[in-house]
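Report on one structure; see the data block that follows.
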Amino acid sequence: MKRINNDVNGNPRYVVHFYYVLTDSESEGLNILEKFEFALQKARKVGGKMYSGKDFGGGIVFQSYNIIETINKAKGAI
């Protein structure tokens, strides 16, 4: 998890690796691209987006004041 610059409205943003969004049972039997797509699908349900910066590969960005709660909501999505 990495804190990045705030958005234009001053809200905090965090980048997390997509594995933070998946549970152990969800990551079995899928290749790496399928895992990323599934994690991104779950993250989008709680406002996550694909991170396109060069310094963090496989990242999902969340705008949140409580990142732990947001990640837990994303894990429970779908």
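Just so you know, these numbers come straight off a predicted model, no measurement behind them.
The NZ atom of Lys42 sits 12.5 Å away from the CZ atom of Phe18 when rounded to the nearest 0.5 Å. With values rounded to the nearest 0.5 angstrom, Lys35 atom NZ is found 14.0 Å from Glu37 atom CD. With values rounded to the nearest 0.5 angstrom, Met50 atom CE is found 7.5 Å from Arg44 atom CZ. With rounding to the nearest 0.5 angstrom, the NZ atom of Lys75 is 9.0 Å from the CG atom of Leu22. Between atom OH of residue Tyr20 and atom CG of residue Asn72 there is a gap of 12.5 Å, rounded to the nearest 0.5 Å.
By the criterion of side-chain heavy atoms lying less than 4.5 angstrom apart, applied directly or through intervening Ile, Leu, Val, Met, Phe, Trp or Tyr residues, Tyr19 is grouped together with Ile60 in one hydrophobic cluster. If you chain together hydrophobic residues whose side chains sit under 4.5 Å apart, Leu40 and Leu33 fall into the same group.
Counting all heavy atoms, side chain and backbone alike, Pro12 lies closest to Asn6 at CA-OD1, 3.6 Å. What you find for Glu28 and Asp24 is that their closest heavy atoms are CG-O, 3.5 Å. Residues Leu30 and Glu26 share a closest heavy-atom pair of CD1-O, 3.4 Å. The minimum heavy-atom distance between Ala43 and Phe62, with the atom names listed, is CB-CZ, 3.6 Å. When every heavy atom of Ala77 is checked against every heavy atom of Lys45, the shortest pair comes out as CB-CB, 4.1 Å. The two residues Ile68 and Met1 have their closest heavy-atom pair at CD1-CE, 3.9 Å.
Atom CG of Asn5 has 12 or fewer neighbouring heavy atoms from other residues, nucleotides or ligands inside a 6.0 Å radius.
When hydrophobic residues (I, L, V, M, F, W, Y) are linked wherever their side-chain heavy atoms come within less than 4.5 Å, the members clustered with Tyr51 are Ile4, Val15, Phe56, Val61.
Checked by atom type and distance alone, the side chain of Arg13 never pairs as donor or acceptor with a backbone atom of Gln63 at under 3.5 Å. Asn9 places no side-chain N or O within donor-acceptor distance of the main-chain N or O of Asn11, the cut-off being under 3.5 Å.
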